[in-house]
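Note sheet for the following structure.
Fair warning: this is a prediction, and the values are worked out from it, not measured in the lab.
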Amino acid sequence: MAVLVAATAAADSPAADALSALAPPRTRIEKRRPTWISVPLRFLLPTVIFAAWWIGSATGALSPQVLAGPPKVWSAFTELLGSGQLADFAAASFTRAALGVALGVGGGLLLGLAAGLSSLGEELVDSTMQIVRAVPFLALVPLFIAWFGIDELYKVLLIAVATIAPMYAYTYLGVRNVDRKVVEAARGFGLRGPRLVLEVILPSALPGILMALRVCLSISITGLIAAEQVGTTEGVGYLVTLAQEYNRTDYMVLCVVLYAVLGLVFDGLVRIAERFGMPWRRQVAIR
């Protein structure tokens with residue numbers, strides 16, 4: 001009996017040593033970087049680029065005919081702001097972009113849901129949307145001018161066509177990638193039809209949809225530039241045309257800055273939507 005107990009203790013000793021060597025599991029606590037560090041880090045690279053631009057223009061390394069310096073761009077900004085043209089041009093461009101994005105994103109979302117949820121919807125919609133996605137929207141500018149004229153309708157529809165295909169593709173993939181087990185579990189609890197789509201499928205596909213929205217907003221800037229080059233008397237694109245005609249590099253740089261600000265506003269809106277719609281995403285990043 002004593003021999004058996006000793007053998008058992010000898011057999012258990014490696015396992016006991018291995019268990020004692022294991023560290024107890026640690027509870028993951030989210031450590032957020034302080035705001036006074038995080039905010040300067042976001043502006044670090046733009047600040048370096050701006051400083052290099054300023055130094056290059058001040059030392060003469062950058063010719064004013066090639067790239068106007070920050071003081072001249074600031075003078076152009078105050079000139080347009082004082083005359084009231086800057087506010088009118090920015091408001092006109094923002095309105096066109098917002099209407100076009102709303103139309104394109106709404107249509108792409110509905111078509112993506114139809115193709116993702118139903119094989120019949122995919123058969124009816126997918127081939128047409130792949131054609132739209134393959135055709136560069138800039139190639140449609142002459143046709144749209146011939147069909148819709150050069151008024152606001154042409155500009156809004158061009159932006160809508162530019163954004164509908166990315167929204168459709170991301171929504172379709174997001175819906176098709178929803179875990180089937182989650183859908184079956186929801187059906188087991190009695191969810192059917194619109195409630196299943198709104199309460200289970202759409203929230204599961206939300207990361208892809210918001211990424212599509214970010215892509216669409218970026219593409220809308222390109223569509224806005226193309227749309228405002230023709231038949232426009234107000235807007236940032238019209239300001240670009242004037243700058244080209246009079247060779248005002250300060251106006252050109254100012255237009256680039258305005259488009260960048262518009263893109264940052266759109267990106268900020270998507271980030272806010274992500275924070276409220278997907279609060280768990282903040283815990284994924286490795287800090």
Do L258 and V253 belong to the same hydrophobic cluster, where Ile, Leu, Val, Met, Phe, Trp and Tyr are linked whenever their side-chain heavy atoms lie under 4.5 Å apart, directly or via other members? yes
Measuring from atom OG1 of T171 to atom CE of M129, what distance do you get when rounded to the nearest 0.5 angstrom? 10.0 Å
Tell me which pairs pass ring-ring contact (aromatic ring centres under 6.0 Å, His included) where either residue lies in residues 93-122, with sequence neighbours left out. F94-F266
Excluding sequence neighbours, so at least two apart, what forms side chain to side chain donor-acceptor pair (under 3.5 Å) with S220? none
For I219 versus P166, what's the shortest heavy-atom pair and its separation? CD1-CG, 3.6 Å
Between the CD1 atom in I55 and the OG1 atom in T59, the distance rounded to the nearest 0.5 Å is 7.5 Å
Does anything in residues 153-169 pair up under side chain to side chain donor-acceptor pair (under 3.5 Å), and if so which pairs, sequence neighbours excluded? D126-Y168
Which residues satisfy the salt bridge (charged side-chain N to carboxylate O under 4.0 Å, His left out) test with E234, sequence neighbours excluded? none
Pairwise distance CG(L80) to SG(C255) - rounded to 0.5 angstrom: 8.5 Å
May I have the step-by-step check of side-chain contact (heavy atoms from CB on, under 4.5 Å) for L202 and L113, ending in yes or no? CA-CA 9 Å; L202 271 181; L113 286 175; 3.9 Å; yes
Nearest-0.5 Å distance that lies between atom CE in M167 and atom CG in L217: 9.5 Å
Can you hop from V156 to I221 via hydrophobic side chains spaced under 4.5 Å? no
Pairs where residues 245-263 contributes a residue and the test side chain to side chain donor-acceptor pair (under 3.5 Å) is met, not counting sequence neighbours: E79-Y251, R248-D250
Could you report the tightest heavy-atom contact between L124 and T128, atom names first, then the distance? O-OG1, 4.2 Å
side-chain contact (heavy atoms from CB on, under 4.5 Å) between L157 and L103, intermediate numbers included: CA-CA 8 Å; L157 290 180; L103 188 60; 3.8 Å; yes
When you measure from the side chain of S93 to the backbone N and O of V236, does any donor-acceptor pair fall under 3.5 Å? yes
d(Q244 CD, L239 CG) to nearest 0.5 Å is 10.5 Å
Please name all residues satisfying side chain to side chain donor-acceptor pair (under 3.5 Å) with Y170, sequence neighbours left out, ordered by chain then number. none
Residues at least two apart in sequence or cross-chain that pass side chain to side chain donor-acceptor pair (under 3.5 Å) with D267, listed by chain then number, are R214, R271
Using the rule that two of Ile, Leu, Val, Met, Phe, Trp, Tyr join whenever any of their side-chain heavy atoms come within less than 4.5 Å, decide whether V175 and L213 are in one cluster. yes
Name all pairs fulfilling the salt bridge (Lys or Arg N to Asp or Glu O under 4.0 Å) condition that reach into residues 99-123, sequence neighbours left out, sorted by first residue then second. E122-R176
Single-linkage hydrophobic cluster, 4.5 Å side-chain cutoff, L110 and V132 together: no
Using a 4.5 Å cut-off on heavy atoms from C-beta on, say whether the side chain of F77 contacts that of V257. no
Minimum heavy-atom separation for G223 and L158, please, with both atom names. O-CD2, 4.0 Å
Any side-chain heavy-atom pair from M252 and V240 closer than 4.5 angstrom? no
I'd like to check the side-chain contact (heavy atoms from CB on, under 4.5 Å) partners of A90; sequence neighbours left out, ordered by chain and number. none
Between L224 and I159, does the side-chain contact (heavy atoms from CB on, under 4.5 Å) criterion hold? Intermediate values first, please. CA-CA 6 Å; L224 179 66; I159 298 172; 4.1 Å; yes
Interatomic distance, Q85 atom CD to Y238 atom OH [nearest 0.5 angstrom]: 8.0 Å
Tell me every residue that passes salt bridge (charged side-chain N to carboxylate O under 4.0 Å, His left out) with R187, counting only those two or more places apart in sequence or in another chain. E184
S204 side chain vs V200 backbone, donor-acceptor pair below 3.5 Å: yes
Under 3.5 Å, side-chain donor or acceptor atoms of residues 139-152 against the rest of the protein: list the pairs with distances, not counting sequence neighbours.
from: E152; atom 1: OE1; to: R96; atom 2: NE; distance (Å): 2.9
from: E152; atom 1: OE2; to: R96; atom 2: NE; distance (Å): 3.3
from: E152; atom 1: OE2; to: R96; atom 2: NH2; distance (Å): 3.0

Only counting residues at least two apart or in another chain, list the ones meeting side-chain contact (heavy atoms from CB on, under 4.5 Å) with W54. F50, A58, P70, P71
Is there a path of hydrophobic side-chain contacts, each under 4.5 Å between heavy atoms of I/L/V/M/F/W/Y residues, joining L45 to L264? no
